[in-house]
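Below is one structure, written out as structure tokens; the observations come after it.
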Amino acid sequence: MNQNLPKLSYIAESPHVPMIPSETLLQTVTAVPWIKISDERKQLEGLCFDKNGDLYFLEVFGGHIMKLEVETMIVKDIYIADNLKPAAIKIHKNGRLYVAFLGNFVDNGGIFSINPDGTDFRYEIAPDKGYVIDDLVFTKDGGYYFTQFTGYTFNPTGGVYYVSPDNEIIQIAGNMAGANGIALSKDEGVLWVTETNNNKRNRIKLRNKVDIPPYGAHVPYRFTGCNGPDSCCIDEDDNLYVAIAESGRCMVFNFLGYPIGQILMPGRSDGHMLISTHPYLRPNSDEVVICANDGDTGGQGSWLYRAKGFAENFKGAYQYL
């Protein structure tokens, strides 16, 4: 009865968040700590550099809109959005901060705008419109796209919308399960949308800003694990950087959506700093900043990390014009 039976052995880099074998072969670097934001878990999101190189970001559940003055490395609150649950910050070409918020996660999110010092609060899309907005990206003419962060695999109610410069709202795509991160290609002809609750990334070709041509929508990549892709951004080479929630890393894809590299959070292999939510490139630099937190039990708090990407930030982005 003492047969020499074949046995399975753990060989993955991490028992907590193992990668599929093909992903382990990607060019891989590990980010380094930049600044600790809190000893506790804070759901950091919404990284957005201004043209001076200072960084705006937020904490979702406490509603804190913050600014990191990079020269002094001082973080300060500029606004507290009580009960709104902000999720993303983008800078309009008029200089105002547009903040997407989730509200009750059912039907009273929207977008508000403030001055960079936190004054002059205005609703751009009010809660009574019924949206749950997670992220947005501007076009050069001042219009923008946003994601509706609702739905599950068995009830895909989320989608993507376009808001024209004169504030007309047009649906681009629907039947999505938790449409989350959004980015626009350099020529504004391709819209990238992560779909968190379906663990996939969509590549949507655009015609006249709002029309999808025949065979113009694809899913170039599907992710594995619990909780899926989160926020994303592009670089000057049109590569796409996608943070993966609860995976402790940011994957990088080329302009067609093929994976070409990844940035890991330090401590990932031991199950730390897994809640990585947003990458963003610093102005005039190939430096990628990524926010992450260690969850409720990890004990290492909430941080911003840095690594170098494939190319510099996209210099044609609205806030650098």
Side-chain angles (χ1 to χ4, degrees), residues 8-37 44-45 47 49 55 57 180-181 183 185 192 194-196 199-203 219-282 285-295 298 300-314:
L8 293 172
S9 300
Y10 293 109
I11 58 173
E13 178 264 344
S14 169
H16 304 276
V17 280
M19 300 177 193
I20 61 175
S22 61
E23 292 174 351
T24 64
L25 301 177
L26 291 172
Q27 183 180 167
T28 302
V29 297
T30 299
V32 298
W34 189 26
I35 182 171
K36 190 174 191 177
I37 303 302
L44 303 179
E45 266 277 14
L47 305 181
F49 284 98
L55 177 65
F57 63 104
N180 189 329
S185 65
W192 296 103
T194 67
E195 200 171 338
T196 301
N199 244 350
K200 66 184 184 182
R201 177 174 45 80
N202 299 275
R203 185 178 189 268
V219 180
Y221 203 81
R222 293 183 181 270
F223 300 84
T224 59
C226 291
N227 278 0
D230 204 315
S231 299
C232 56
C233 69
I234 66 165
D235 67 15
E236 183 67 20
D237 289 349
D238 246 340
N239 299 314
L240 182 74
Y241 297 69
V242 180
I244 309 173
E246 295 196 9
S247 185
R249 58 182 171 143
C250 169
M251 294 186 69
V252 189
F253 304 86
N254 74 0
F255 71 102
L256 290 175
Y258 290 89
I260 57 175
Q262 61 186 337
I263 303 168
L264 308 184
M265 299 299 97
R268 177 187 186 276
S269 60
D270 296 319
H272 289 293
M273 307 311 297
L274 298 183
I275 306 177
S276 45
T277 57
H278 195 175
Y280 210 80
L281 282 101
R282 295 181 68 179
S285 169
D286 61 356
E287 188 175 301
V288 184
V289 177
I290 304 167
C291 53
N293 73 72
D294 205 21
Q300 296 185 7
S302 306
W303 287 77
L304 302 181
Y305 294 94
R306 297 189 297 172
K308 286 184 175 288
F310 286 99
E312 292 190 356
N313 74 297
F314 171 37

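- Contact detail for C232 and G181: the closest heavy-atom pair is SG-C, 3.7 Å.
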#### Entry: Candidate pair S185 and D238, rule side-chain contact (heavy atoms from CB on, under 4.5 Å), full reasoning
CA-CA 6 Å; S185 65; D238 246 340; 3.9 Å; yes
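- No side-chain heavy atom of L304 sits less than 4.5 Å from a side-chain heavy atom of R306.
- For the pair V242 and F223, the minimum side-chain heavy-atom distance is below 4.5 Å.
- To the nearest 0.5 angstrom, D270 atom CG is 11.0 Å from R268 atom CZ.
- Taking the side chain as every heavy atom from C-beta outward, I263 and Y305 never approach each other to under 4.5 Å.
- Side chains of L264 and T28 form a contact here, defined as non-hydrogen atoms less than 4.5 Å apart.
- Annotation: side chain of R203 is in contact with side chain of W192 (closest heavy-atom distance under 4.5 Å).
- Residues Y221 and L240 form no side-chain contact, since every pair of their non-hydrogen atoms from C-beta on lies 4.5 Å or further apart.
- Within 6.0 Å of CZ on F255 lie no more than 12 heavy atoms contributed by other residues, nucleotides or ligands.
- The backbone N or O of L47 lies less than 3.5 Å from a partner atom in the side chain of H278, making a donor-acceptor pair.
- The distance from the CE atom of M251 to the CG atom of N239 is 13.0 Å, given to the nearest 0.5 Å.
- F253 is not listed as a side-chain neighbour of P220, based on a closest heavy-atom distance of 4.5 Å or more.
- Under the 3.5 Å distance criterion, the side-chain polar atoms of T196 are matched with a main-chain donor or acceptor of P229.
- Between the OG1 atom in T30 and the CE atom in M265 there is a gap of 8.5 Å [rounded to 0.5 Å].
- Of all non-hydrogen atoms in N199 and G228, the two that sit nearest each other are OD1-CA, 2.8 Å.
- Contact record, A243 with P279: CB-CD, 3.7 Å, taken as the closest heavy-atom pair.
- Between the D230 side chain and the N180 main chain, no donor and acceptor come within less than 3.5 Å of each other.
- Atoms CD and CZ, from Q262 and R249 in turn, are 5.0 Å apart once rounded to the nearest 0.5 Å.
- To the nearest 0.5 Å, the span separating CE on M19 from CG on L26 amounts to 8.0 Å.
- Nearest approach of Y241 to C250, heavy atoms of both residues: CB-SG, 3.9 Å.
- E246 and N227 make their closest contact through OE2-ND2, 3.0 Å (heavy atoms, listed as atom of the first residue, atom of the second, distance).
- In this structure the side chain of E23 never reaches within 4.5 angstrom of the side chain of P259, judged on heavy atoms.
- The two residues D294 and Q300 come nearest to each other via the heavy atoms OD2-N, 3.0 Å.
- In this structure, L44 CG and I275 CD1 are separated by 10.5 Å, a value rounded to the nearest 0.5 Å.
- At distances below 3.5 Å, not a single donor-acceptor pair connects side-chain atoms of S302 with backbone N or O atoms of I37.
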